Amino acid sequence: MVNDLTAQDVHNVVEVRYHLEQLAMAQALGRHTPAQLVRLRALIDEFETVEPTDAEEQFRLGKEFHLRDYPRTTPARIRRISS
């Protein structure tokens, strides 16, 4: 597959995603119980130990983090995250 994305296009996408992630985290703050925060921190710590080449484990931990990060996760969101 060939695409016409330039380095600037990729930079722009990453920049938008960065800001969307910040917004999502800001909105999520205060919605978690202390126990949920402990588990999210544990997932972050675990993620940081995963080998950079272990994409499968990175994906698994990322999915678990995001499913736990949104206490009001809907079935449709779960399907999107899981696919």
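Quick note: residue numbers are just sequence positions, from 1. Not measured: the values here are computed from a predicted model.
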Across all chains, not counting sequence neighbours, the side chain to side chain contact (heavy atoms under 4.5 Å, CB included) partners of Gln22 are Tyr18, His19
Should side-chain heavy atoms under 4.5 Å link Ile, Leu, Val, Met, Phe, Trp and Tyr, which residues sit in the same cluster as Leu20?
Val16
Pairs involving residues 34-49, ordered by first then second residue, that meet salt bridge (Lys or Arg N to Asp or Glu O under 4.0 Å) (sequence neighbours left out):
Arg39-Glu64, Arg41-Asp45, Glu46-Arg60
Salt bridge (Lys or Arg N to Asp or Glu O under 4.0 Å) partners of residues 4-15, not counting sequence neighbours, each pair once
none
Just to verify, what does Gln8 make a side-chain hydrogen bond (donor to acceptor under 3.5 Å, both in side chains) with, not counting sequence neighbours?
Asn12
Name all residues meeting the side chain to side chain contact (heavy atoms under 4.5 Å, CB included) criterion together with Val50; count only those two or more places apart in sequence or in a different chain, and write none if there are none.
Asp54, Glu57, Gln58, Leu61
